[in-house]
Amino acid sequence: MTAFADLVDPRDSARCCYPLQELLLVALAGVASGAEDWVDVAYWGRMKLEWLRRWLPFERGIASHDTFNRVFALLDAQQFEACFVRWMQPLCPTLEGAALAIDGKSVRGSRSGEQAMVHLVSLCETASGLTLAQCRTPAKSNEITAVPLLLDMLDVRGVNGISRFPTCGNSNFPTGLRVVVGS
C-alpha cells in the first residue's frame with residue numbers, strides 16, 4: 001500500500017471511522033478478486049476480514065458499500081490514477097514484446113443532471129488481460145483523444161502493437177487495426 005501513501009484523504013480526519021488505507025486495501029483486493037461494484041467490494045471484505053487483518057487492523061470491521069462509494073467519489077481521480085500506476089508497475093515492469101489493446105466504455109449511471117455521462121478508455125496487456133492504464137475522455141470528445149494520454153502514462157517502447165478490442169462496436173479504431181510502436 002506504500003504506492004498509495006501520497007493519496008490525499010479528502011475527508012475530515014476527526015470524523016472518519018475507516019482509515020483510507022483500509023478502504024483502499026479492501027477495494028483493490030476485492031476488485032482483483034472479481035468484485036464488480038461497491039456492494040460486491042463490501043461483501044468481499046466482510047468474507048475476507050480475517051485475511052485482511054494480516055496487513056491492517058480493521059478495528060471497526062469493513063465499511064458499508066455506501067462508504068466506499070462516497071470516499072472513492074471524493075478522491076482526486078488523477079492522483080489515484082498516479083498511485084495505481086505506481087502500484088501496478090512491479091507487476092508489469094516491462095512491456096517489451098507485449099501486445100496492448102484499447103477499449104472505450106461509457107459508465108452506466110454516471111449521468112447526473114446536466115453532467116454528461118462519463119466515458120473511459122482503458123489500455124490492457126492482451127496476454128494477461130491486465131488493465132495498465134485508464135483515463136476519462138475529455139468532454140464532447142471521442143476515445144481517440146484519450147489514446148495519447150494513455151500512452152504517456154506508460155513506457156511503450158518495444159511494444160509489438162496496439163489494437164482495438166475486437167468485441168467493441170463502432171469507433172475510430174477499426175477492428176484489428178495494429179499500431180506498431182517503435183523501440
Side-chain angles (χ1 to χ4, degrees), residues 1-92 101-126 128-139 143 146 149-150 153 165 167-169 171:
M1 299 304 298
T2 57
F4 290 89
D6 297 340
L7 187 60
V8 174
D9 189 342
R11 301 172 295 164
D12 177 4
S13 61
R15 300 180 62 212
C16 292
C17 294
Y18 300 97
L20 182 59
Q21 292 294 311
E22 290 180 359
L23 296 172
L24 289 167
L25 178 58
V26 175
L28 293 168
V31 169
S33 298
E36 295 184 3
D37 57 27
W38 296 124
V39 172
D40 289 351
V41 167
Y43 176 77
W44 182 91
R46 288 191 303 275
M47 296 299 108
K48 300 294 185 181
L49 182 56
E50 291 309 312
W51 180 81
L52 290 164
R53 284 184 169 147
R54 291 179 184 178
W55 291 277
L56 295 172
F58 289 90
E59 292 173 0
R60 292 182 174 250
I62 302 298
S64 72
H65 69 279
D66 289 326
T67 299
F68 280 101
N69 186 34
R70 254 190 324 275
V71 172
F72 276 82
L74 290 171
L75 293 176
D76 180 284
Q78 289 180 330
Q79 190 182 36
F80 178 84
E81 180 180 29
C83 293
F84 184 80
V85 168
R86 187 169 46 244
W87 181 64
M88 291 299 295
Q89 280 176 338
L91 299 176
C92 233
I102 297 168
D103 187 26
K105 295 287 183 212
S106 296
V107 180
R108 289 177 51 198
S110 63
R111 186 179 317 210
S112 176
E114 293 185 23
Q115 182 179 352
M117 183 179 284
V118 173
H119 301 283
L120 300 174
V121 179
S122 301
L123 184 68
C124 300
E125 196 276 322
T126 59
S128 66
L130 193 63
T131 299
L132 303 174
Q134 186 176 61
C135 69
R136 184 176 180 166
T137 61
E143 62 192 49
L149 301 172
L150 288 171
M153 291 179 201
F165 280 130
T167 57
C168 293
S171 90

Validation row: F84, L7 side chains within 4.5 angstrom (heavy atoms)
no

Please round to the nearest 0.5 Å and tell me the distance separating atom SG of C16 and atom CZ of R60.
10.5 Å

Closest heavy-atom pair, W38 versus A27, reported as atoms and distance to 0.1 Å, is CZ3-CB, 4.0 Å

Distance col, row H119:NE2 vs R136:CZ, nearest 0.5 angstrom, shows 8.5 Å

Looking only at heavy atoms, the pair that brings W51 and A29 closest together is CZ3-CB, 4.3 Å

Nearest heavy-atom neighbours spanning I62 and R46
CG1-N, 3.7 Å

Could you tell me whether the side chain of L28 reaches within less than 4.5 Å of the side chain of W87, counting heavy atoms only?
yes

To the nearest 0.5 Å, what is the distance between CG on D9 and CG on L75?
7.0 Å

Does anything in residues 74-90 pair up under salt bridge (Lys or Arg N to Asp or Glu O under 4.0 Å), and if so which pairs, sequence neighbours excluded?
D6-R86

Nearest heavy-atom approach of V107 to M117 is O-CG, 3.6 Å

Can you name the nearest heavy-atom pair linking P19 to C17, along with the distance?
CD-O, 3.9 Å

Tell me whether Q21 contacts the main-chain N or O of L56 through its side chain, where contact means a donor paired with an acceptor under 3.5 Å.
no

Taking the side chain as C-beta and beyond, is there a heavy-atom pair between R70 and T67 under 4.5 Å?
yes

Please tell me if the side chains of F4 and L20 come closer than 4.5 Å, counting only heavy atoms from C-beta onward.
no

Let me confirm one number: the OH-NZ distance from Y43 to K48, rounded to the nearest 0.5 Å.
10.0 Å

How close do M1 and L25 get, counting heavy atoms only, and between which atoms?
CE-N, 3.6 Å

What pairs with D66 under salt bridge (Lys or Arg N to Asp or Glu O under 4.0 Å), at least two apart in sequence or on another chain?
none

Does the side chain of F68 reach to within under 4.5 Å of the side chain of D37, using non-hydrogen atoms?
no

Check salt bridge (Lys or Arg N to Asp or Glu O under 4.0 Å) between E50 and all other residues, then give those that pass, not counting sequence neighbours.
R53

Please state whether the rings of F80 and F72 are parallel, tilted or perpendicular, taking 30° and 60° as the class boundaries.
perpendicular

